[in-house]
Amino acid sequence: MSEKENKSRQLQKTKQNDRITDPYYQEKAQSHDEIVSWIASAEKELADLRLRKTLLENDFSQLLSEYRRLIITDAAISTIAKTSLLSYLTYELLKPLNDTTLNQTSNYNVWQAKYFLVKYQLTDKKELALSFKMNVIDPRFEAKFMPLILLDLQKMTATVDERQVLELIRLWYSEKIFSRNQLTLINYDLNRLLANFKQLGFDVSPSLLDNTRALSVNLESDFPLETRILDAIFITTMDATEYDFDKIGQDNYQVKLNQEQNVFIKSEKNRTHLFIDSNNRRRSILDFFTHYPFFVPLIVRE
């Protein structure tokens, strides 16, 4: 290195040292770093505002794409953007209930419909769980949220928890916290939701809740067949000309109903087994048991 180059480098080093120690340059450097930080924050906030604006403009298919892009991948977005996306998406899912004044409650993840509250929550697998809290006939009673429907927005499947459907029957029949008429209206609205899920592209699994299919279902209780319950069914069917009760084997019975519907009852391994055949008549299990409540004690505790 020449002497001239060496002197030049020494001069640059001296200037740099002066800048480091000079309070004026120190203040400038600090201000520069603050402005860079502010720009980064402003750009992040602007990107979030643009996202929220886009979400406001999106239809269901676009909201679904954003859900997959942002929620399923656990992307870094603001809490407001995330809650907004979930709110807009669930409104589209629950949209059939809007004719009965669907409103969001003070809880961001709870919607108020006419006959129940609907709470939505993300599962660990980023599925959307819908829980329902039914209205009660008397304020002295208290209902709880029931995790009834699980939506997988990646695979586009909707699954009904059939244990909760049977629990609805128990709450109506045994606990009497809502009326038969309420159960009918609840059944109607839940099926409107299932129909909407299908229209939006979900594969809705067959379930006891679905009233678009005929009933051909086996049910099993966790308790034995009691003689008193069987006797009550016998008396009810014998008093009605459109019904018939037959013993068809050891601990096996057939109840013939109107419209050529049949119920087969048997006791096996200390449990009660029920087979319901609605003869191609489309109805849910809720509809069946509200029409023939004398069968309910076979599957739920009184």
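Please read these numbers as outputs of a predicted model, since none were measured by experiment.
Proximity of I265 to N252: side-chain heavy atoms (C-beta onward) are nowhere separated by under 4.5 Å. Between Y292 and V263 the shortest side-chain heavy-atom distance does not fall below 4.5 Å. The closest side-chain heavy-atom distance from L168 to M134 is below 4.5 Å. Side-chain atoms of I276 and I285, non-hydrogen and from C-beta on, do get closer than 4.5 Å to each other. Side-chain contact between N196 and R192 is absent, with no heavy-atom pair separated by less than 4.5 Å. L51 places a side-chain heavy atom less than 4.5 Å from the side chain of E66. Between L89 and Y120 there is no side-chain heavy-atom pair separated by less than 4.5 Å.
Annotation: ring-ring contact (aromatic ring centres under 6.0 Å, His included) contacts of F289 (sequence neighbours excluded): none.
Environment of CD in E142: sparse, with no more than 12 heavy atoms of neighbouring residues, nucleotides or ligands closer than 6.0 Å. At most 12 heavy atoms of other shown residues, nucleotides or ligands fall within 6.0 angstrom of atom NZ in K95. Y108 OH: 12 or fewer foreign heavy atoms inside a 6.0 Å radius. Residue-environment remark: CD (E260) stays at or below the threshold of 12 foreign heavy atoms within 6.0 Å. No more than 12 heavy atoms of other residues, nucleotides or ligands lie within 6.0 Å of OH in Y188, so this atom counts as exposed by the packing criterion. Within 6.0 Å of CD in Q199 there are 12 or fewer heavy atoms belonging to other residues, nucleotides or ligands. Residue R281 qualifies as enclosed at atom CZ: its count of foreign heavy atoms under 6.0 Å is above 12. More than 12 heavy atoms of other residues, nucleotides or ligands lie within 6.0 Å of CG in L122, so this atom counts as buried by the packing criterion.
Between Q154 and I72, the closest heavy-atom pair is OE1-CD1, 3.1 Å. Of all non-hydrogen atoms in R213 and K198, the two that sit nearest each other are NH1-NZ, 4.3 Å. Nearest heavy-atom pair across L200 and M156 is O-CE, 3.7 Å. The two residues S87 and Q104 have their closest heavy-atom pair at OG-NE2, 3.0 Å.
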List the steps and the verdict of side chain to side chain contact (heavy atoms under 4.5 Å, CB included) for F295 and V255.
CA-CA 10 Å; F295 288 118; V255 181; 3.6 Å; yes
As a quick check of understanding, evaluate side chain to side chain contact (heavy atoms under 4.5 Å, CB included) for F202 and L93, giving each step before the final call.
CA-CA 11 Å; F202 286 88; L93 293 168; 3.8 Å; yes
Evaluate K53 against E57 for salt bridge (Lys or Arg N to Asp or Glu O under 4.0 Å), listing each step before the verdict.
CA-CA 7 Å; K53 174 180 177 291; E57 299 166 348; 2.8 Å; yes
Check the pair R228 / D231 against salt bridge (Lys or Arg N to Asp or Glu O under 4.0 Å), numbers first and verdict last.
CA-CA 5 Å; R228 64 177 183 85; D231 289 345; over 6 Å; no
Kindly determine whether L171 and M146 satisfy side chain to side chain contact (heavy atoms under 4.5 Å, CB included), including the steps that lead there.
CA-CA 11 Å; L171 291 172; M146 306 174 67; 4.1 Å; yes
Stepwise side chain to side chain contact (heavy atoms under 4.5 Å, CB included) test for L274 and N218
CA-CA 6 Å; L274 211 62; N218 284 295; over 6 Å; no
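For D210 (side chain) and L208 (main-chain N/O), no donor-acceptor pair under 3.5 Å exists by modelled atom type. Although no hydrogens or angles enter the test, the distance criterion places a donor-acceptor pair under 3.5 Å between the side chain of N191 and the main chain of L209. Between the side chain of R271 and the main chain of P224, no donor-acceptor pair closer than 3.5 Å is present. Side chain of R180 to backbone of T290: a donor-acceptor contact under 3.5 angstrom is found. The backbone N or O of D277 lies less than 3.5 Å from no partner atom in the side chain of S216, so there is not a single donor-acceptor pair. Between the side chain of D244 and the backbone N or O of L257 there is no donor-acceptor pair closer than 3.5 Å. Checked by atom type and distance alone, the side chain of N187 never pairs as donor or acceptor with a backbone atom of Q182 at under 3.5 Å. The main-chain N or O of I299 is never found under 3.5 Å from a side-chain atom of S221 such that the two would form a donor-acceptor pair. Formation of a donor-acceptor pair under 3.5 Å by the D152 side chain with backbone atoms of K155 is found in this model. Side chain of N135 to backbone of K114: a donor-acceptor contact under 3.5 angstrom is found.
In this pair, F132 and F116 present their aromatic rings perpendicular. The plane angle is above 60°, beyond the 30 to 60° band.
Separation of atoms CD (E268) and CD (E220) is listed at 8.0 Å; rounding is to 0.5 Å. Within the model, atoms CG of L215 and OG of S278 stand 4.5 Å from one another, a figure rounded to the nearest 0.5 Å. With values rounded to the nearest 0.5 angstrom, N181 atom CG is found 12.0 Å from W172 atom CH2.
Screening residues 227-251 for ring pair (Phe, Tyr, Trp, His ring centres under 6.0 Å) gives F234-F245, Y243-F294, F245-Y253 as the qualifying pairs, with residues at least two apart or on separate chains. Applying the ring pair (Phe, Tyr, Trp, His ring centres under 6.0 Å) test to residues at least two apart or on different chains, none of the pairs has a partner in residues 57-84.
Annotation: cation-pi geometry satisfied between K176 and Y173 (NZ/CZ under 6.0 angstrom from ring centroid, within 45° of ring axis). A cation-pi contact, defined as under 6.0 Å to the ring centre and within 45° of the axis, links K119 to F145.
A side-chain donor from one of N262 and Q254 sits under 3.5 Å from a side-chain acceptor of the other. Side-chain contact check for W111 and T90: at least one donor-acceptor pair (N or O, by modelled atom type) lies under 3.5 Å. Checking D59 against S61 by side-chain atom types alone, a donor-acceptor pair falls below 3.5 Å.
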